[in-house]
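Below, all heavy atoms of this structure are taken into account, side chains as well, without hydrogens, waters or symmetry copies. Here is how names work: the chains are called A, B, and so on, in the same order as the sequence lines, proteins then strands, and each is numbered from 1. Here the structure is a predicted model, which is why all the values come from computation and not from measurement.
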There are 2 protein chains.
Amino acid sequence: MPRVRQDVPESHRTMQVVNHVRSLIENGTLQPGDKLPPERELARDLKISRASLRTGIGYLAAMGVMKIRHGVGTFVADGPPDLGKASLSFMGPLHGFQSWQMFEARILLESGLAALAAERGKDEHHAALAEEVAEMFAAIENPPEYLIHDVMFHRIIAQASGNPILAAIMETVTSSMYDKRRKTVERAIDLRESAEMHREIYRSIRGRKTADARRLMEQHLRMAQIAQGMERPGDKRSAAPAPREAPLGD
Amino acid sequence: MPRVRQDVPESHRTMQVVNHVRSLIENGTLQPGDKLPPERELARDLKISRASLRTGIGYLAAMGVMKIRHGVGTFVADGPPDLGKASLSFMGPLHGFQSWQMFEARILLESGLAALAAERGKDEHHAALAEEVAEMFAAIENPPEYLIHDVMFHRIIAQASGNPILAAIMETVTSSMYDKRRKTVERAIDLRESAEMHREIYRSIRGRKTADARRLMEQHLRMAQIAQGMERPGDKRSAAPAPREAPLGD
DNA sequence: ACCTGTTTAGAGGTCAGACCACAAGTATAC
DNA sequence: GTATACTTGTGGTCTGACCTCTAAACAGGT
């Protein structure tokens with residue numbers, strides 16, 4: 001019988017802390033950036049030991065809900081959401097996650113994101129995208145700088161999609177590939193073609209050409225995938241000779 | 001400015017434990033299902049206090065990498081991967097995640113997953129899907145039972161896609177909607193049409209009709225979305241851009 | 001031999017209180 | 001006025017004792 005168990009891995013006291021904080025968040029008492037009371041005080045209020053309290057706080061911190069700063073305090077996370085970004089690095093070895101699968105996930109997500117962005121993007125997003133494209137062209141001779149704007153470009157599209165959940169997921173998947181990406185860009189020879197593709201994507205989004213945006217993004221990422229040697233093994237599609245020097249960066 | 005910070009929220013000792021376990025996993029010493037040495041012993045070996053060790057273990061458990069069983073021991077997780085499933089419930093209130101966004105993410109993911117399944121599904125998957133479809137038809141008068149096979153059907157497709165990462169992401173998104181889904185099924189009037197759609201999806205996957213599988217899955221989910229009243233506000237046939245917005249930049 | 005209730009050993013969970021380390025403000029010395 | 005030192009508040013770590021849960025070993029009765 002398929003059971004959809006919630007698997008709350010928490011022991012009594014930890015649960016107590018987690019639920020306490022959860023209710024504080026849900027009823028609006030705690031908002032992003034807010035500071036939690038000092039551990040000693042909170043522990044006293046909840047009638048539990050500081051050790052147990054810390055277990056609960058640790059759990060929340062591990063999930064990215066809280067942010068602990070030594071000597072300062074514990075705060076509710078306020079940055080961009082983080083859905084299991086950290087755990088992904090463990091999942092690889094444990095569940096046999098492959099690089100090409102990561103990339104495939106990225107292609108699926110980002111092409112959908114691009115379509116949504118084309119559909120819903122606002123002027124401010126268009127402006128921000130144009131800005132990043134310009135910066136990319138300006139940084140064609142400077143790979144590290146180029147990568148920064150490249151990342152930003154994709155991030156803005158995710159925002160323009162109007163779906164923060166998908167954006168968070170994309171961020172999780174993408175971040176795990178950052179290192180490899182950086183190396184690729186380092187030895188990139190021709191970033192011009194990459195920048196060109198970004199420009200086309202931008203134009204299709206601005207022109208609200210949903211299908212184009214999806215197609216161009218997919219095409220762009222497939223090229224990047226090839227450039228980074230992350231193709232799916234056994235994916236025999238040598239029909240079109242892969243450019244020896246595919247556009248790098250993405 | 002775009003910063004791709006790794007955000008390792010861990011203090012020295014916790015880090016030490018996490019990295020220790022990480023290396024054990026990466027070099028294959030620890031495999032899914034394996035048992036970790038007792039806390040007291042491990043703490044002694046690592047030359048740290050049991051309290052600190054427990055902090056690290058707790059961190060890993062929170063990420064779903066380890067599974068703690070009171071009175072028994074600590075084990076490496078062996079079930080299906082879990083990418084921040086638990087944290088999603090906190091992200092809602094914190095980052096304004098909406099139900100329709102969750103559903104939109106699901107549609108994007110599952111339609112892509114269906115296409116991949118059509119492309120790569122093996123006989124065993126086809127057989128399993130046929131089985132679930134049959135069970136669904138048999139349970140048309142029994143909503144709770146129906147839901148079980150419904151969930152299973154989608155899960156098998158995810159498996160058939162050959163991409164465990166996407167499957168894990170889908171699982172995360174889906175699980176957060178389970179409760180609402182159960183309620184919908186409870187008051188469902190005609191599960192026959194739903195079963196019929198699943199059958200069509202199954203046939204397209206079995207027939208390796210990639211585009212059909214994608215289209216049918218999307219259509220199926222959009223219908224479910226409407227049934228659960230999770231449409232995007234202002235997204236009706238009138239087609240007026242929704243005024244909803246989230247600020248840019250991060 | 002076979003159940004069944006009890007004991008026991010091993011593992012994680014909790015507690016208490018002391019002390020360490022870090023960050024930031026405040027007072028003091030120059 | 002600036003720089004250093006002190007004080008305070010907060011999280012980080014340690015110690016070692018005790019609690020609770022599980023599962024296996026054991027003992028008794030059938």
- request: Output yes when at least one side-chain N/O atom of A:S11 is less than 4.0 Å from OP1 or OP2 of C:dG12, else no.
  value: no
- prompt: Distance check: side-chain N/O of B:T55 vs OP1/OP2 of D:dT13, anything under 4.0 Å?
  reply: no
Spacing of [X] atom [atom1] relative to [N] atom [atom2], expressed in whole Å:
{"X": "A:M66", "N": "D:dG11", "atom1": "CE", "atom2": "C1'", "answer": "13 Å"}
{"X": "B:L42", "N": "C:dA11", "atom1": "CG", "atom2": "C1'", "answer": "13 Å"}
{"X": "B:R44", "N": "D:dT15", "atom1": "CZ", "atom2": "P", "answer": "13 Å"}
{"X": "A:L36", "N": "D:dG12", "atom1": "CG", "atom2": "P", "answer": "12 Å"}
{"X": "A:L53", "N": "C:dT14", "atom1": "CG", "atom2": "C1'", "answer": "13 Å"}
{"X": "A:K35", "N": "C:dA23", "atom1": "NZ", "atom2": "C1'", "answer": "12 Å"}
{"X": "B:L46", "N": "D:dC14", "atom1": "CG", "atom2": "P", "answer": "11 Å"}
{"X": "B:E39", "N": "C:dA11", "atom1": "CD", "atom2": "P", "answer": "10 Å"}

- request: Tell me what B:R69 touches on the nucleic acid: a base, only sugar-phosphate, or nothing, going by heavy atoms under 4.0 Å.
  value: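 The residue B:R69 makes sugar-phosphate contact but no base contact.
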- prompt: So what does B:T74 touch, heavy atoms closer than 4.0 Å: a base, only the sugar-phosphate, or nothing?
  reply: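 Touches sugar-phosphate only.
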- request: Kindly determine whether A:S161 and A:N163 satisfy side chain to side chain donor-acceptor pair (under 3.5 Å), including the steps that lead there.
  value: CA-CA 5 Å; A:S161 77; A:N163 191 322; 5.8 Å; no
task: Produce a footprint string for nucleotides 16-21 of chain C: one letter per nucleotide, 5' end first; B if the base is under 4.0 Å from any protein heavy atom, S if only the sugar-phosphate is, - if neither.
output: S-BB-B
message: Would you say A:R22 and B:S89 are linked by a side-chain donor-acceptor pair, where the criterion is simply a distance under 3.5 Å?
response: yes
- request: Can you measure from OG (A:S87) to NZ (B:K85) and round to the nearest 0.5 angstrom?
  value: 11.5 Å
- request: Calculate, to the nearest 0.5 Å, the distance between atoms CG and CE belonging to A:D34 and A:M66 respectively.
  value: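 Separation between the atoms: 9.5 Å.
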- request: Any chance you could lay out the side chain to side chain donor-acceptor pair (under 3.5 Å) test for B:S49 and B:R13, step after step, and finish with the verdict?
  value: CA-CA 9 Å; B:S49 74; B:R13 289 295 151 56; over 6 Å; no
field: Terminal helix-axis angle for the helix from C:dA1-D:dT30 to C:dC30-D:dG1, with five pairs defining each axis and rounding to 10 degrees
entry: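 Between the axes fitted at each end of the helix from C:dA1-D:dT30 to C:dC30-D:dG1 lies an angle of 10°.
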message: Go nucleotide by nucleotide along DNA chain C from the 5' end; which of A:R13 and B:E41 gets its closest nucleotide reached first?
response: B:E41
- request: State which of D:dG12, D:dT10, C:dG12 makes the closest approach to the side chain of A:P38.
  value: D:dT10
field: Candidates C:dT14, C:dA11, C:dG13 - which lies nearest the side chain of A:S52
entry: C:dT14
query: Where do B:H154 and B:E110 land on the side chain to side chain donor-acceptor pair (under 3.5 Å) test, with the steps shown first?
result: CA-CA 8 Å; B:H154 290 269; B:E110 293 216 38; 2.6 Å; yes
query: Is A:R120 salt-bridged to B:E104, going by a charged N under 4.0 Å from an acidic O?
result: yes
- prompt: Only one of A:I48, A:I25, A:L46, A:L53 clears side chain to side chain contact (heavy atoms under 4.5 Å, CB included) with A:H20; which?
  reply: A:L46
query: So among A:L60, A:L30, A:V21, which one has a side chain to side chain contact (heavy atoms under 4.5 Å, CB included) with A:V76?
result: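 Single side chain to side chain contact (heavy atoms under 4.5 Å, CB included) partner of A:V76 among A:L60, A:L30, A:V21: A:L30.
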query: According to the salt bridge (Lys or Arg N to Asp or Glu O under 4.0 Å) rule, which pairs have a member within residues 131-144 of chain B, sequence neighbours left out?
result: none
